[in-house]
Number of protein chains: 2
Amino acid sequence: MHESVATPLDAIDYRILQELSGDGRLSDVALGERVHLSSTAAARRRKILEERGAIRGYTADFDFGQLGLHMMALVSIELASQAEQALNEFETAVVRCPSMSFCSFVSGDTDFMMIVHVRSFEDYDRIYRSELSTLPHVARIRSSFVMRRVASRPVPPALLQPPAPQPGGGGGSGGRSLHHGLARV
Amino acid sequence: MHESVATPLDAIDYRILQELSGDGRLSDVALGERVHLSSTAAARRRKILEERGAIRGYTADFDFGQLGLHMMALVSIELASQAEQALNEFETAVVRCPSMSFCSFVSGDTDFMMIVHVRSFEDYDRIYRSELSTLPHVARIRSSFVMRRVASRPVPPALLQPPAPQPGGGGGSGGRSLHHGLARV
DNA sequence: GATGAAAGCAGTGCCTC
DNA sequence: GAGGCACTGCTTTCATC
């Protein structure tokens, strides 16, 4: 697996990503029409994007309410220790939380941020006690609840574009200089 | 108002949702095999789930790093006023933020939580000043950055199941194993 | 990137349980 | 009402240029 980007994505690749972001089940024929390519050319590009990992997969987007998941909680978790072993043990445990949708190690005044979907307040109470507060090394949990989703999209279409050239000519700091320190997010 | 829950989803429907959550481009033939149905029956159920809105759509899942989006920020925004007009004006403006992936009105000690993808620190600085701090009624912005994604999945498979029977009733069908791996981390 | 043939798939109507 | 089967027309795939 080559971590470095072998060939940069061109404008058509980004168009394909935009279309597949909007409809992941788009047929190759429809995809080709939208990016002004033949279906085979579109399919080939799509496959290359999948193989190089730019497209990691496809998923269905659900109505959480219809699935009975009426509440979404944003949970910030502070550990009692930030030693590597504590972080590792916490992370190993948290990926096994059945209710956890998202968890990341963050900078700032907390250690981890999680997104948790639950059915009800009772459900959250149960999960809080059985899944969250039993995670190792947890010192403090703060929860806030999503009252209303204002906007939600996998990636803003505006970001699915080739990196713009930096103003000022030779600057070139856009996009490729930040591999140190931040893992791929 | 008896149209809110037309027909409850059965166990096969939830199996279909699980499979499409893992691979949104699954063909009807493959879907049928996985849920032990013919392709036509699987396709019919999938279509019904789409039409009733349980499946809102399908989307591709990207490697943000390969797209040049090396940073993800969690931004909490507190407004100077929580009057309805202020909330409305803020929300109208925030959905136009090109870099915004997610925004919700939340309970707790802030008003809105956003997820923002950017290319670099320079990019974030630019977006902070041009997109975030110019939003109407903003009193305070706090950002934290995702250092590492520990886990990320659209919906935990464990939640894509029929609601468990209420305790005390008589339900004995709760022997569910939680061995689902994380689809993508 | 395009073309054409072959394989595979989706969509429909009809039948069974 | 729901599942399965067979047929028909597309779509995808893989040669090849």
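Here is how names work: the chains are called A, B, and so on, in the same order as the sequence lines, proteins then strands, and each is numbered from 1. Here the structure is a predicted model, which is why all the values come from computation and not from measurement.
S27(B) comes within 4.0 angstrom of sugar-phosphate atoms only, judged by non-hydrogen atoms across all strands, and of no base. If you check every strand for non-hydrogen atoms under 4.0 Å, R25(A) touches nothing.
Note: F64(A) and H70(A) fail the aromatic proximity criterion, with ring centroids not under 6.0 Å apart.
Atom-to-atom, NE2 of H36(A) to C1' of dA2(C) comes out at 17 Å; the value is rounded to the nearest Å. We find that NZ of K47(A) is positioned 10 Å from P of dA15(D), with the value rounded to whole Å. Atom CG in L26(B) sits roughly 14 Å away from atom C1' in dA10(C) (whole-Å rounding). Here the C1' atom of nucleotide dG8(C) and the CG atom of L31(B) are 16 Å apart, to the nearest Å. The nearest whole Å value for the distance from the CG atom in D13(B) to the P atom in dA2(D) is 10 Å. Here the P atom of nucleotide dA2(D) and the CZ atom of R15(B) are 19 Å apart, to the nearest Å. What separates CD of E51(B) from P of dG11(C) is a distance of 11 Å, to the nearest Å.
Closest to the side chain of I12(A), out of dG1(C), dT12(D), dG3(D), is dG1(C). Taking every side-chain heavy atom of T40(A) into account, dC14(D) is the closest of dC14(D), dT12(D), dA6(D). For A43(A), counting side-chain heavy atoms from C-beta on, the closest listed nucleotide (dT13(D), dC14(D), dA2(C)) is dT13(D). Among the nucleotides dG4(D), dG11(C), dT12(D), the one closest to the side chain of D28(B) is dG11(C).
Between E50(A) and R56(A), none of the side-chain N atoms (NZ, or NE/NH1/NH2) sits under 4.0 Å from a carboxylate O, so this pair counts as no salt bridge.
Considering only side-chain N and O atoms, R46(A) lies nowhere under 4.0 angstrom from the phosphate OP1 or OP2 of dT12(D). Of the side-chain N and O atoms in R44(B), none sit less than 4.0 angstrom from OP1 or OP2 of dT12(C). At least one side-chain nitrogen or oxygen of S38(A) sits closer than 4.0 Å to the OP1 or OP2 atom of dA2(C).
Looking only at side-chain heavy atoms (C-beta outward), R34(A) and L26(A) come within less than 4.5 Å of each other. Side-chain contact between M100(B) and H117(B) is absent, with no heavy atoms from C-beta onward closer than 4.5 Å.
Only one option out of L135(B), L79(B), I141(B), V75(B) pairs with F112(B) in a side-chain contact (heavy atoms from CB on, under 4.5 Å); it is L79(B).
Summarising the local packing, CD of Q85(B) is surrounded by 12 or fewer heavy atoms from other residues, nucleotides or ligands at distances under 6.0 Å.
No hydrogens or angles considered: a donor-acceptor pair under 3.5 Å links the side chains of S143(A) and Y124(A).
Taking five base pairs at each end of the helix from dG1(C)-dC17(D) to dC17(C)-dG1(D) and finding the rotation axis that steps the C1' atoms of four pairs onto the next four gives two axes whose angle is 30°, to the nearest 10°.
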